[in-house]
Protein chains: 2
Amino acid sequence: MMADKVTSFDVARLAGVSQSAVSRVFTPGASASAATRDKVTKAAEELGYRPNTLARAMITGKSRVIGVVVAYLENQFYPMALEYLDRALKERGYHILLFMAQNDGNVGQIVEELMSYQVDGIITASVDMSNDIAKRCDDAGIPVVMFNRGQETGTLAQVTSNNIEGGRTVAHFLASGGHRKIAHVSGWQGSSTGLDRMRGFVDGLKDHGVEPVAIEDGRYSQDDAAIIARKLCGTSDRPDAIFVGNDHMAFAVMDCLRFELGLSVPEDVSIVGYDDVPIAAWPAYDLTTIRQPINKMVTATVEILLARIEQGAASERIQIPGPLKIRGSARKPKGFST
Amino acid sequence: MMADKVTSFDVARLAGVSQSAVSRVFTPGASASAATRDKVTKAAEELGYRPNTLARAMITGKSRVIGVVVAYLENQFYPMALEYLDRALKERGYHILLFMAQNDGNVGQIVEELMSYQVDGIITASVDMSNDIAKRCDDAGIPVVMFNRGQETGTLAQVTSNNIEGGRTVAHFLASGGHRKIAHVSGWQGSSTGLDRMRGFVDGLKDHGVEPVAIEDGRYSQDDAAIIARKLCGTSDRPDAIFVGNDHMAFAVMDCLRFELGLSVPEDVSIVGYDDVPIAAWPAYDLTTIRQPINKMVTATVEILLARIEQGAASERIQIPGPLKIRGSARKPKGFST
DNA sequence: CTGAAAGCGCTAACAT
DNA sequence: ATGTTAGCGCTTTCAG
């Protein structure tokens, strides 16, 4: 067990050069002769030297760390986002400092910690208090971009899929499939995503002269979604199609219909979700859903954030369209095209 | 947009005290008079001062950051572990720097980065190259504990559930249920967890005078598991029970049996998994499985790691027993007790 | 191109 | 209890 106490001075001594020479060799855009570079590299190797990122961060003012704030990791969408995020960030030489937001809104604490760790930027992924965090950090001069959540108005950077368009597409699909008694279990109506999907959906239905028979706020909770499904479909007057605000709630709705109410999907009721998480493709659900282009969304998020960090670019608000992924959980219109 | 350039000097000036006084007020175990504390707190508040963690880390040699290395986030078990980990660590004043291990084993790179960020400790969660990373970091003097993976021999710290016992319990359960043609789709046989579950299972079966009809390595892959299921159950000579090495593979096996082969679970084939991720409780699967006590495992992991970091305690290797969670995917023995 | 010197913001002896 | 003084390990002018 040898502690990692090798400093640039040790390397300098062994290499017979100055400490700053060592620094230069390890600093990407610095000048050093081939000879020096060689000696230093060798000495460093021999001693197992590795620049101390903290020291570097202190002096440059850049930690190369991005604070990522996420809320629920139970919905498969977020772990996946995290995975992509890490990959994209690593490629650019950044790392993720993880913050789990408890729902009991300790926003202040999180902001404090983010700042004290000198993160270069922040990504909030679908966190309820995104706006709050974002505003405070942005005010403090730390670039923030909100992933998969936005605000109605404002200038904060954000990346979402085109939720309005997505909702509209689902409406078009369902109405074209001949459904007329259509309900919606929305995503949390306190979130832009939930709201937009709902609005797009209602709007799209209107184009077909259809009014939703019910709209209930599922609040992104599987339990709530199941309760709503039970209520909606427990009577003979049930809807023949339900658009559910995200896949995880859709799974809960399907389970409720099939195993509790003894209904068939899609024969009795068509179900459409939103996200296209991997589970949606599992045969047990085979869920028709709007695919959130997570990869593109992540790429855009990282792009925008780093542009802001490295070039001081302006905040952007991006919407990426997500196609309908047609599977077996909803009756298919003949010759349907989005 | 005001940059966060407030230092302890600024606060000191405004408060009319020395810079070290400010430092003391913000250092947990330091002495300062109520008066000083008061003045400083006020001044800090007014200026929006927040100690620079990096500077502190540099001097104390403690970053209060734990590097967490994970591989697949698609298996729900890991995101959950991550969530618990964050909670437990946060409680002790630590944060998570996240590292995704690509399978193409860039171990060296990850180790480099972990060290250069001066993490105080490392947790590797079910990463294939756990051993490799662990050894190298441990050699460098950074405490490591392996979560949900271990090594046959050695002294590196590790926390797992009692996989041997778990496998044995499943064997007992299945045999008691009257099954005699029992197969096993194992976890990756290159991992201690996969191996132990398999061994315990085979051993437990032996107690009942039963020999498994087949053992195949599912390598923790859903695709592989499905392929194996297809092969195993595609003939009339199929097993009447399958123990699958983790829940996610079990879901794939069930889907294959039900939707591809037209078989019923548990009527035709009983399925038992391992992990008890939330999905296992969803009605569509209702999976009987060994529950990995993730919360206890995480608590123990954090405990061991911090004991090593803060008190220089020795490495521990802990196994936590996991009970069988009986649901509907496997025929139930009458009056069964573990 | 290279070395010397000045810090980054803070903690930890050391005196007082 | 408080101020003074050294640095932590590194990057970055600044001369040479």
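These numbers were taken from a predicted model, which means no experiment stands behind them. Chain letters run A, B, ... following the sequence lines, proteins first, then strands; residues in each count from 1.
A straight line from CD of B:Gln118 to C1' of D:dC10 spans 11 Å, rounded to a whole angstrom. Rounded to an integer number of Å, the gap from B:Met115 CE to D:dC10 P is 13 Å. One interatomic measurement links the two molecules: OH of B:Tyr117 to P of D:dC10, which rounds to 15 Å at whole-angstrom precision. Distance NZ (B:Lys62) to C1' (C:dG9): 19 Å, rounded to an integer number of Å. The interatomic distance linking A:Asp38 (CG) with C:dC1 (P) rounds to 16 Å, in whole Å.
Within 4.0 Å of A:Ser20, counting heavy atoms only, lies at least one base atom of the nucleic acid. Note on B:Thr7: only backbone sugar-phosphate atoms sit closer than 4.0 angstrom, heavy atoms only; bases stay farther off. Residue A:Val17 is classed as a sugar-phosphate contact, given heavy-atom separations below 4.0 Å to backbone atoms only.
The residue from B:Lys296, B:Arg92, B:Arg308 that alone fulfils the salt bridge (charged side-chain N to carboxylate O under 4.0 Å, His left out) condition with B:Glu303 is B:Arg92. B:Val17 pairs with exactly one of B:Val11, B:Val25, B:Val22 by the side chain to side chain contact (heavy atoms under 4.5 Å, CB included) rule, that one being B:Val22.
When the nucleotides C:dG9, D:dT11, D:dA1 are ranked by their closest atom to the side chain of A:Ile59, D:dT11 comes out on top. In the set D:dT12, C:dG9, C:dG3, the nucleotide with an atom closest to the side chain of B:Ala55 is C:dG9. Side chain of B:Gln19, nearest nucleotide from D:dG3, C:dC10, D:dC10: C:dC10. Among the nucleotides C:dG7, C:dG3, C:dC10, the one closest to the side chain of A:Ala21 is C:dG3. The side chain of B:Ser8 approaches C:dC10 more closely than any other nucleotide in the set D:dC10, C:dC10, C:dG3. Of all nucleotides listed (C:dC10, C:dA12, D:dT4), C:dA12 comes nearest to the side chain of B:Thr60. You'll find that the side chain of A:Ser33 is closest to C:dT2, out of C:dT2, C:dC10, D:dG7.
Using a 4.0 Å cut-off, no side-chain N or O of A:Lys5 falls inside it from OP1 or OP2 of D:dC8. Between B:Ser18 and D:dT2, a side-chain N or O to OP1/OP2 separation shorter than 4.0 Å is absent.
Within 6.0 Å of CZ in B:Arg219 there are 12 or fewer heavy atoms belonging to other residues, nucleotides or ligands.
A cation-pi arrangement, defined by a distance under 6.0 Å to the six-membered ring centre and an angle within 45 degrees of its axis, is present between B:Arg87 and B:Tyr84.
Proximity of the aromatic rings of B:Tyr49 and B:Phe26 is defined here by a centroid distance below 6.0 angstrom, and this criterion is met.
Each of B:Met58 and B:Ala34 was matched to the nucleotide of DNA chain D holding its nearest heavy atom; the match closer to the 5' end belongs to B:Ala34.
Under 3.5 Å, the side chain of A:Arg50 and the base of D:dG9 form no donor-acceptor pair of N or O atoms.
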